[in-house]
Structure formats: structure tokens, C-alpha cells
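See below for the structure under consideration.
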Amino acid sequence: MSDPVPTSQRLDGRVAVITGGASGIGLSTARRFIAEGARVVISDRDGAALARVAEDLDPGLLATLEGDASDESDVAALVEVAIDRFGRLDIAFANAGIGGPQRIVDCDLNEWSRVLDVNLTGPFLLIKHAAPHMTAGGSIVVTASLNAVQAGTGMAAYCSSKAGVAMLVEVAALELGPQGIRVNAIGPGFVRTSLTEGAFAVPAIVEGYAENTPLGRHAHPDEIAGLVAYLASDESSFVSGTLQLIDGGAHIMRYPDILGILGA
Ligand SMILES: NC(=O)c1ccc[n+]([C@@H]2O[C@H](COP(=O)([O-])OP(=O)(O)OC[C@H]3O[C@@H](n4cnc5c(N)ncnc54)[C@H](O)[C@@H]3O)[C@@H](O)[C@H]2O)c1
């Protein structure tokens, strides 16, 4: 047996890129990566939020870039910033995601396409552009969702995109394993972030999630960041091609009927 990997500075010397890093799960993960010794480049489409994050964190440890996670040239630029500023790339966290409730029969094709572009094409682009720079091996993590395995009313585009992510990481793990690159997805349940702030304004939705979660509550983004840091670190050195649910056990129960609760 080798010595146990320390859990405090697990990412010492590593360089990471994160999409959707200015808020919620992405921001908590950026802070966690830095706390564990990494240098991080975050991109986001929200320039004002990025500027607020940059004010708060050491510029020697964090770089920011405004960009769209579904735009190939923006994604390529994010990877270039990591190489130019910090000289290497070890970790890529494809995290940007969007979604809103809409019945299939009411869903505009542009809205469907936009969700698929950000949630599924975005991770494909980051894997495509990050992997060739991971010359010393690496770890790629993609944010899927509980909805990769559990359907919800009004969530056709979101659920389909997240189920697609679960398969994308399997194919990427197959193709990149020989280069020492691990690829995994995470599947959070209900987490309080700006994405879900609208849902938190409706008590019946919050109760619906809590009732259908064995642990009886929602998650804080820091709890999700802990799993991403583990997957990014050598502690998960034999974990690849997986979807790691982090949902308080919600996958064992049923998804709340959001459209039913909203009377839509
Ligand atoms: N909050 C939850 O309950 C929950 C549950 C499961 C999965 N997720 C997933 O977690 C990920 C992060 O979401 P969050 O809850 O932290 O939300 P959030 O809204 O707090 O953060 C998402 C960030 O991504 C950015 N973003 C959105 N679209 C972008 C784009 N096209 N290009 C660049 N940046 C973009 C937003 O500006 C925002 O800063 C998403 O993939 C989401 O689907 C969230």
C-alpha cells in the first residue's frame, strides 16, 4: 500500500479550467480548487459576475475570461489562457448549464437547441480542446444532473442533455484513458444556486424536492464542489467513465411534478 493522498493540498501545482465559473457550483468549485493548491481559469458569459469574482480572489491563482461555453472559439480561448498564464492544463470542469420548465408541445425549437448547445455541445467542446493539452494525463469532470437518470415534467431538453452528458463521458473515458485522462460526470440533485432561485420562490417546489430526497433537504454548492475536487484529484485515480450522483438519495424516489405544482 502506498501512503494515503493528503486531502488538503491534493491539487498542488495543478491547473484547471472551469466553464460557468462565476456562480453557484462552478464558483464554489473554483474556490475549492484554489484552496487545495490549484491555479484556475474560469469562464462565464456573465462578465459582471466574473469581475466580482476576480476582485475577491488572488490574481496569481485565478484568471477569468468572458465567453460562451457553447462557442468553439471561446472554449479554445479558455484553454489557451490556461496554457499562456499558468503553463499547463490538468483539470477541466465543463459545468455551464441552463434550463427552464416547458412542456414538449410548447417548447420552441430554438429553446430546445439552446439547452442542448450549452449543456451537451459545450462539454463536448471543452473535452475536445482540453484533452490535447493534458500531456501529463488529467481529469475532466462534466456537470450532468440527477435528471440524467430521472425524468421531470417540463424538462425534456434539460433531461435529454444531461442523459447525453452521461454517455459523452463514457465515450470520452474510452478514447482518452490510454493517455491517462479520466473523464467523469457528476449528477447533483436540488442545489441552491442562481439557476434554482426561481424555484426557491415557490415553497411547494422546495417541499416537493425535500419530500423526494431521503436526506430531506437541498444541497449547498460547496457540497458539490467537494465531489468535483475528489474527482479532479489523484484520490480518484481509478475512477473513470462514471456518473456520480450527489443527490441526498433522491434517485431512489421520484422527481417532483414541477409543472403540476405550478399548475401549468
Ligand atoms: N442547481 C441545481 O439544482 C443543479 C442540479 C443539477 C445540475 N445542475 C447543473 O449545475 C451546473 C451549474 O449550475 P448552477 O446551479 O451552479 O447555476 P448558476 O446559474 O448558479 O451557475 C451557472 C453559471 O453558468 C453560466 N452560464 C450559463 N450559460 C452559459 C454559457 N452558455 N456560457 C458560459 N457561461 C454560462 C451562468 O452565467 C452562471 O454563472 C449546470 O450545468 C446545471 O445544469 C444544477
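Atoms within each ligand, like the ligands themselves, are counted from 1 in listed order.
For ligand 1, the atoms lying closer than 4.0 Å to a non-hydrogen atom of F190 are 3 (O). Of all atoms in ligand 1, numbered sequentially from 1 with element shown, those under 4.0 Å from a heavy atom of I98 are 27 (C), 28 (N). Annotation for ligand 1: atoms under 4.0 Å from non-hydrogen atoms of I25 are 10 (O), 16 (O), 44 (C). Taking a cut-off of under 4.0 Å to the non-hydrogen atoms of A69, the atoms of ligand 1 that pass are 30 (C), 31 (N), 32 (N), 33 (C). Annotation for ligand 1: atoms under 4.0 Å from non-hydrogen atoms of P188 are 5 (C), 6 (C), 7 (C). Within the listing of ligand 1, atoms 32 (N), 33 (C) sit less than 4.0 angstrom from a heavy atom of G67. Distances below 4.0 Å separate heavy atoms of T196 from the following atoms of ligand 1: 1 (N), 2 (C), 3 (O). Below 4.0 Å from some heavy atom of G24 lie the following atoms of ligand 1, by number and element: 16 (O), 20 (O).
Linking Ile, Leu, Val, Met, Phe, Trp and Tyr whenever their side-chain heavy atoms come within less than 4.5 Å leaves L126 and I91 in two separate clusters. The hydrophobic cluster containing L62 does not contain L65, counting ILVMFWY residues as joined when their side-chain heavy atoms lie under 4.5 angstrom apart, directly or transitively.
In terms of protein heavy atoms, atom 42 (C) of ligand 1 is closest to Y158 OH, 3.5 Å. Among protein heavy atoms, the minimum distance from atom 20 (O) of ligand 1 is reached at S23 OG, 2.6 Å. The nearest protein atom to atom 11 (C) of ligand 1, hydrogens excluded, is given as N95 O, 3.1 Å; this is a heavy-atom distance. Looking at atom 17 (O) of ligand 1, its nearest protein heavy atom turns out to be L195 CB, 3.2 Å. Protein heavy atom at the shortest distance from atom 10 (O) of ligand 1 is T143 CG2, 3.2 Å. Protein heavy atom in closest approach to atom 19 (O) of ligand 1: S194 OG, 3.1 Å. In terms of protein heavy-atom proximity, atom 26 (N) of ligand 1 is nearest to R45 NE, 3.7 Å. From the protein, the heavy atom lying nearest to atom 24 (O) of ligand 1 is G20 CA, 3.3 Å.
Using a cutoff of 4.0 Å between basic side-chain nitrogens and carboxylate oxygens, D68 and R114 are scored as salt-bridged. At a threshold of 4.0 Å, the pair E72-K128 counts as salt-bridged, since one of the basic side-chain nitrogens sits closer than that to a carboxylate oxygen. With respect to R31 and D222, no salt bridge is recorded, no charged nitrogen being found less than 4.0 Å from a carboxylate O. In summary, R45 and D71 do not engage in a salt bridge, as defined by a charged side-chain N under 4.0 Å from a carboxylate O.
Looking at A144 against ligand 1, only its backbone comes within 4.0 Å, counting heavy atoms. Neither the backbone nor the side chain of N147 has a heavy atom within less than 4.0 Å of ligand 1. Contact annotation: for K162 versus ligand 1, heavy atoms closer than 4.0 Å belong to the side chain alone. At a heavy-atom distance under 4.0 Å, no atom of E66 approaches ligand 1.
N95 places a side-chain N or O within donor-acceptor distance of the main-chain N or O of G20, the cut-off being under 3.5 Å.
Residue G189 holds the heavy atom nearest to atom 5 (C) of ligand 1 of all those in G189, P221, S145. Closest heavy-atom approach to atom 14 (P) of ligand 1 within the set T193, I224, D247, D68: this belongs to T193. Closest heavy-atom approach to atom 36 (C) of ligand 1 among the candidates I42, D46, D44, V118: D44.
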Evaluate the criterion side-chain hydrogen bond (donor to acceptor under 3.5 Å, both in side chains) for residue pair S70 and D117; output intermediate values, then yes/no. CA-CA 6 Å; S70 65; D117 281 351; 5.4 Å; no
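Expressed to the nearest 0.5 Å, how far OG of S145 lies from CD1 of I246 amounts to 12.0 Å. Note that the CG atom of L168 and the NZ atom of K162 stand 11.5 Å from one another [nearest 0.5 Å]. In this structure, CZ in R103 is found 6.5 Å from OG1 in T153, a value given to the nearest 0.5 Å. A distance of 11.5 Å separates CG in L176 from OG in S139, rounded to the nearest 0.5 Å. In this structure, CG on L27 lies 8.5 Å from CD1 on I18, to the nearest 0.5 angstrom. Here Q244 contributes atom CD and I224 contributes atom CD1; the two are 12.0 Å apart, rounded to the nearest 0.5 Å.
Residue contacts with ligand 1: S43 is placed with no nitrogen or oxygen under 3.5 Å of a nitrogen or oxygen of the ligand (distance criterion only). Residue S70 has no N or O atom closer than 3.5 Å to an N or O atom of ligand 1. The shortest N or O to N or O distance between V191 and ligand 1 is below 3.5 Å.
Between F200 and F190, the two ring planes are parallel [angle under 30°; tilted spans 30° to 60°].
Using a 4.0 Å heavy-atom cutoff, E197 is absent from the residues neighbouring ligand 1.
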